[in-house]
Visitor: 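One structure, pasted below without further comment.
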Amino acid sequence: MKHRARKRFGQNFLHDQQVIDRIVACISPQAKDLLVEIGPGQAALTRPLLKSGAELHLIEIDRDLVSQLQKQLSDHSNINIHCCDALRANLPEITGNRPFRLIGNLPYNISTPLIFHVLQWHEMVVDMHFMLQKEVVDRMAASPGSRTYGRLSVMTQFRCNVTPLFDVQPESFSPVPRVCSSIVRLQPLKEPPADAGSFENLERVVSAAFSQRRKTLRNSLRDHLTVDQILASGIDPGQRAEQLSLSQFAALARSLSYDAS
Ligand code: SAM
């Protein structure tokens with residue numbers, strides 16, 4: 001029976017073979033890999049991934065699609081299908097604590113929480129290839145001084161190398177989404193690019209600084225750091241968040257740590 005795309009699960013199925021081939025070429029799956037695909041849907045990416053001979057775990061929330069996948073892929077022994085919400089999935093349990101590569105044409109509404117959910121196991125994540133809204137990829141990859149540089153840029157670049165790969169037009173999907181998409185490669189970093197003391201303090205300072213991005217740090221960080229503390233971090237309190245580098249955010253986060261100790 002033909003599946004009717006469900007909006008609540010962000011179902012836009014990829015049907016453009018050229019795009020599918022290009023994504024799989026970027027991933028370059030190998031037989032030795034352990035792959036986890038989030039939201040396999042109707043197996044557009046799954047089938048070519050299976051050809052590599054890699055062990056593949058699929059995480060799909062839609063029960064109807066899971067039963068279709070079980071029927072259609074029953075010939076393959078290197079596949080495991082998990083019917084659950086990826087936002088709650090315990091990936092080390094699924095993969096038996098082995099390093100894995102993550103792939104997904106993600107539903108737009110869960111993409112950023114999902115990436116940060118997965119990054120709690122960053123030492124096990126070899127790399128991630130995702131199809132996201134183009135605007136989200138632009139924000140993840142943005143540099144200081146650009147209009148799109150913000151909280152998502154800093155928090156992602158603190159954890160990962162971000163490589164935008166290519167854009168995908170809405171017509172490559174069915175149903176056709178309203179927005180343009182992009183493929184991105186995220187590679188978790190072994191060490192953060194600067195010492196922020198604690199990741200929680202970095203999160204606090206970055207979200208306060210960007211919550212009022214037009215304001216100077218003197219004002220946006222008022223509830224967290226004094227002007228003297230900002231100066232002692234080597235930063236001009238008259239600057240705005242969008243001008244600060246990763247290491248400057250790390251310096252502000254360290255000042256918060258001293259403050260708390
Ligand atoms: N991979 C397929 C493709 O490229 O055509 C489908 C992509 S579609 C944009 C997103 C897929 O993620 C759907 O199959 C949807 O049911 C599934 N999905 C949505 N929310 C999910 C969640 N929280 N956990 C796991 N899968 C989810």
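Just so you know, ligand 1 is whichever comes first in the structure, and atom 1 is the first atom listed for that ligand.
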Visitor: Say whether Asp62, considering both its backbone and side-chain N or O atoms, lies within less than 3.5 Å of an N or O atom on ligand 1.
Guide: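 It does not: no N or O of Asp62 is found under 3.5 Å from an N or O of ligand 1.
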Visitor: Checking contacts here: is it the side chain or the backbone of His15 that comes within 4.0 Å of ligand 1, counting heavy atoms only? Could be both or neither.
Guide: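 It is neither part, as no heavy atom is under 4.0 Å.
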Visitor: If you have a sec, work out which protein heavy atom is nearest atom 23 (N) of ligand 1 and how many Å separate them, to one decimal?
Guide: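 The protein heavy atom lying closest is Asp85 OD1, 2.8 Å.
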Visitor: Sub-3.5 Å donor-acceptor pair from the side chain of Gln243 to the main-chain atoms of Arg240, do we have one?
Guide: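 Checking the backbone N and O of Arg240 against the side chain of Gln243, a donor-acceptor pair under 3.5 Å is found.
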Visitor: Give the residue and atom name of whichever protein heavy atom lies nearest to atom 26 (N) of ligand 1, and the separation in Å to one decimal.
Guide: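 Closest protein heavy atom to atom 26 (N) of ligand 1: Ile61 N, 3.4 Å.
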Visitor: Regarding Arg213 and the six-membered ring of Tyr149, is the cationic atom NZ or CZ under 6.0 Å from the ring centre and inside 45° of its axis?
Guide: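 Output no; distance or angle outside limits.
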Visitor: Of the choices Ala5, Ala44, Pro107, which has the non-hydrogen atom that lies closest to atom 20 (N) of ligand 1?
Guide: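 Looking at heavy atoms only, the winner is Pro107.
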Visitor: Are any of the N/O atoms on Ala86, whether in the backbone or the side chain, positioned under 3.5 angstrom from an N/O atom of ligand 1?
Guide: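 Between Ala86 and ligand 1 (N or O atoms, distance only) the closest approach is under 3.5 Å.
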Visitor: Hey, is Leu65 touching ligand 1 through its side chain, its backbone, both or neither, going by heavy atoms under 4.0 Å?
Guide: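 Within the 4.0 Å criterion, Leu65 contacts ligand 1 through side-chain atoms alone.
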Visitor: Is Ile110 touching ligand 1 with its side chain, its backbone, both, or neither, if touching means heavy atoms under 4.0 Å apart?
Guide: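 The answer is the side chain of Ile110.
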Visitor: Note the single closest protein heavy atom to atom 16 (O) of ligand 1, along with its residue, its atom name and the distance in Å.
Guide: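 The protein heavy atom lying closest is Glu60 OE2, 2.5 Å.
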Visitor: Under a 3.5 Å distance rule, please check whether His117 uses its side chain to pair with a backbone N or O of Ala89 as donor and acceptor.
Guide: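 Judged by distance alone, yes, a pair lies under 3.5 Å.
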Visitor: Is ligand 1 less than 4.0 angstrom away from at least one heavy atom of Cys84?
Guide: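 Flag set, Cys84 near ligand 1.
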Visitor: Are the side chains of Val36 and Arg101 in contact, using a 4.5 Å heavy-atom criterion?
Guide: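 When only atoms from C-beta onward are counted, Val36 and Arg101 do not touch, as no gap falls below 4.5 Å.
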Visitor: Give the residue, atom name and distance (to 0.1 Å) of the protein heavy atom nearest atom 3 (C) of ligand 1.
Guide: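 Checking every protein heavy atom, the shortest distance to atom 3 (C) of ligand 1 gives Asn105 ND2, 3.4 Å.
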Visitor: What protein heavy atom sits nearest atom 9 (C) of ligand 1, and how far off is it?
Guide: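 Result for atom 9 (C) of ligand 1: Gly10 O, 3.2 Å.
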Visitor: Nearest to atom 5 (O) of ligand 1, what protein heavy atom do you find, and at what distance?
Guide: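 In this structure, atom 5 (O) of ligand 1 has Leu14 N, 2.8 Å as its nearest protein heavy atom.
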Visitor: Please identify which atoms of ligand 1 are closer than 4.0 Å to at least one heavy atom of Asn12.
Guide: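 Within the 4.0 Å cut-off of Asn12, ligand 1 contributes 7 (C), 8 (S), 9 (C).
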Visitor: Which of these, Cys83, Pro177, Gly39, has its nearest heavy atom closest to atom 1 (N) of ligand 1?
Guide: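 Looking at heavy atoms only, Gly39 sits closest to atom 1 (N) of ligand 1.
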Visitor: Only heavy atoms of Pro40, strictly under 4.0 Å: list the atoms of ligand 1 that pass.
Guide: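 Once the distances to Pro40 are compared, the set is 1 (N), 2 (C).
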Visitor: Closer than 4.0 Å to some heavy atom of Glu37 - which atoms of ligand 1 meet that?
Guide: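 Every atom of ligand 1 under 4.0 Å from some heavy atom of Glu37: 1 (N).
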Visitor: For His82 and His57, take the angle between the two ring planes, folded into 0 to 90°, and tell me which bin it lands in: parallel under 30, tilted 30 to 60, perpendicular over 60.
Guide: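 Ring orientation of His82 relative to His57: parallel.
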Visitor: Does the ring of Phe166 carry Arg22 above it, NZ/CZ under 6.0 angstrom from centre and within 45° of its axis?
Guide: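 That pair qualifies as a cation-pi contact.
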Visitor: For ligand 1, which atoms, with element, lie under 4.0 Å from some heavy atom of Ile59?
Guide: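 Answer, ordered by atom number: 25 (C), 26 (N).
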Visitor: Please find the pair of heavy atoms, one from Ala141 and one from Pro164, that lie closest to each other, and give the distance.
Guide: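 Minimum heavy-atom contact is CB-CG, 3.7 Å.
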Visitor: Please could you name the atoms of ligand 1 that Gln11 approaches to less than 4.0 Å, counting only its heavy atoms?
Guide: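 With Gln11 as reference, the close atoms of ligand 1 come out as 13 (C), 15 (C), 16 (O).
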Visitor: Treating Glu93 as the side-chain partner and Asn90 as the backbone partner, does any N or O pair qualify as donor plus acceptor under 3.5 Å?
Guide: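 Side chain of Glu93 to backbone of Asn90: no pair is present.
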Visitor: Has Thr95 got a side-chain atom pairing as donor or acceptor with Leu91's backbone, closer than 3.5 angstrom?
Guide: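 Here the side-chain-to-backbone pair exists.
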Visitor: Under a 3.5 Å distance rule, please check whether Glu60 uses its side chain to pair with a backbone N or O of Val66 as donor and acceptor.
Guide: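 Absent.
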Visitor: Output the list of atoms in ligand 1 that are nearer than 4.0 Å to some heavy atom of Phe13, sorted by atom number.
Guide: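 By the 4.0 Å cutoff, the relevant atoms are 5 (O), 6 (C).
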Visitor: Under 4.0 Å from ligand 1, counting heavy atoms only, is it the side chain of Ala43, its backbone, both or neither?
Guide: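 Neither; no heavy atom under 4.0 Å.
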Visitor: Are the side chain of Ser174 and the backbone of Phe13 linked by a donor-acceptor contact shorter than 3.5 Å?
Guide: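 No.
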Visitor: Please confirm whether the backbone N or O of Val154 pairs with a side-chain atom of Gln157, one donor and one acceptor, at under 3.5 Å?
Guide: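 No, because the side chain of Gln157 does not come within donor-acceptor range (under 3.5 Å) of the backbone of Val154.
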Visitor: Testing Pro188, Pro92, Pro99 for side chain to side chain contact (heavy atoms under 4.5 Å, CB included) with Trp121, which one passes?
Guide: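 With Trp121 as partner, side chain to side chain contact (heavy atoms under 4.5 Å, CB included) holds for just one option, Pro92.
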